[in-house]
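Both counts, for ligands and for their atoms, begin at 1 and track the order of listing. The first residue of the sequence shown is numbered 1, and numbering continues consecutively from there.
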Amino acid sequence: SKAKLFDEKTDTRVTFKDVAGLEGAKEEIEEIVEFLKNPEKYTSIGGKIPKGALLVGPPGTGKTLLAKAVAGEAKVPFFSLSGSDFVEMFVGVGASRVRDLFKQAKEKSPAIIFIDEIDAIGRARGKSNMSGSNDERENTLNQLLTEMDGFGTNTNVIVLAATNRAEILDKALMRAGRFDRQIYVDLPDVRERKQIFEVHLRSIKKVDDLDVDFLAKQTPGFSGADIANVCNEAALTAARKNKKMVDKQDFLDAVDRIVGGLEKKNKIISPEE
Ligand code: ATP
């Protein structure tokens with residue numbers, strides 16, 4: 001059904017406080033919060049509010065989180081869909097879903113539309129693909145472009161889209177008046193990993209002397225999602241052992257398990273590359 005593909009989340013609990021690190025990205029995206037909160041300030045002087053921005057970066061680095069935080073900070077509804085939902089869709093369905101999504105967002109404006117994995121619909125047109133579903137994908141992409149061109153700058157709907165492969169996107173998406181801003185969301189460095197740990201440790205009962213610097217140093221290459229995973233695994237391990245507090249060893253065991261998982265994933269992926 002329609003409702004499944006995109007759900008409006010008026011619960012605006014995610015804010016910038018939940019997003020650790022990513023200072024540059026947050027600073028850039030803060031401007032979008034400003035546009036949503038106070039559009040007249042910009043339009044009355046003749047400015048055109050951007051319609052879209054692309055969040056670019058590796059998986060699990062907080063792109064979805066950041067988009068939700070924009071909606072949360074501006075206190076506007078969040079409509080989302082994922083490009084992968086459009087894979088294997090019947091002819092005409094993708095385009096009509098896009099049309100519905102924009103219609104709903106406009107009715108509730110100001111609003112954020114978030115399109116995760118936009119590369120699934122936004123790959124450059126006319127390039128071969130094996131699935132044979134190119135036409136439908138192109139229809140969906142064309143509908144998206146039409147919608148973005150169709151709403152005026154005073155509609156106050158801003159479309160954020162996420163991808164980890166900006167280079168394969170159709171250039172038409174990046175044209176002025178569409179996704180003409182790119183915001184980079186990178187893997188965290190050691191300092192940022194510490195900050196991400198601190199966010200995810202808030203809700204965990206842990207020993208007082210837990211060395212968070214040490215954990216940050218033990219996790220090079222980890223994304224924010226990996227770190228969230230470490231914290232949760234550590235809590236589950238401690239509980240399984242009937243501990244009252246999560247301790248250093250629980251965290252280290254969780255790090256090892258996740259490193260193991262990442263290595264396995266790389267082994268599976270690398271022969272294809
Ligand atoms: P994907 O490209 O795989 O969709 P993403 O970049 O959208 O990933 P999110 O879905 O936002 O990543 O991140 C997954 C989870 O990881 C978040 O819900 C959050 O718990 C945690 N996380 C990721 N990055 C951060 C961060 N910078 N600060 C705090 N938590 C983070």
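In this structure, L252 and Q218 have side chains that are in contact, with non-hydrogen atoms separated by less than 4.5 Å.
The nearest heavy-atom contact from the protein to atom 2 (O) of ligand 1 is K63 NZ, 3.0 Å. When hydrogens are left out, the protein atom nearest atom 29 (C) of ligand 1 is D18 O, 3.3 Å; that is the closest non-hydrogen contact. Of all protein heavy atoms, the one closest to atom 8 (O) of ligand 1 is G60 N, 2.8 Å. Of all protein heavy atoms, the one closest to atom 14 (C) of ligand 1 is A225 CB, 3.9 Å. Shortest contact from atom 7 (O) of ligand 1 to any protein heavy atom: T64 OG1, 2.6 Å. Protein heavy atom at the shortest distance from atom 4 (O) of ligand 1 is D116 OD2, 3.4 Å. From the protein, the heavy atom lying nearest to atom 12 (O) of ligand 1 is G62 N, 3.2 Å. Regarding atom 22 (N) of ligand 1, its nearest protein heavy-atom neighbour is G224 C, 3.6 Å.
Annotation: A20 places an N or O atom under 3.5 Å from an N or O atom of ligand 1; distance criterion only.
In summary, E31 and R181 engage in a salt bridge, as defined by a charged side-chain N under 4.0 Å from a carboxylate O. With salt bridges taken as basic N to acidic carboxylate O contacts below 4.0 Å, one links D247 and K243. We find that R178 and D149 are joined by a salt bridge, their nearest charged nitrogen and carboxylate oxygen being less than 4.0 Å apart.
Atoms of ligand 1 lying under 4.0 Å from at least one heavy atom of H200, given by number and element, are 19 (C), 20 (O), 21 (C), 29 (C), 30 (N), 31 (C). Close approach of ligand 1 to L22 (heavy-atom distance below 4.0 Å) involves ligand atoms 27 (N).
Between Y42 and F35, the ring centre distance stays below 6.0 Å.
Between the choices L187, V19, N229, L65, the shortest heavy-atom distance to atom 18 (O) of ligand 1 belongs to L65.
Summarising the local packing, NZ of K171 is surrounded by more than 12 heavy atoms from other residues, nucleotides or ligands at distances under 6.0 Å.
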Between K103 and E107, is a salt bridge (charged side-chain N to carboxylate O under 4.0 Å, His left out) present by the stated rule, with each step listed? CA-CA 6 Å; K103 185 166 174 275; E107 281 167 8; 3.5 Å; yes
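Side chains of T237 and D250: a donor-acceptor N/O pair is absent below 3.5 angstrom, by distance only.
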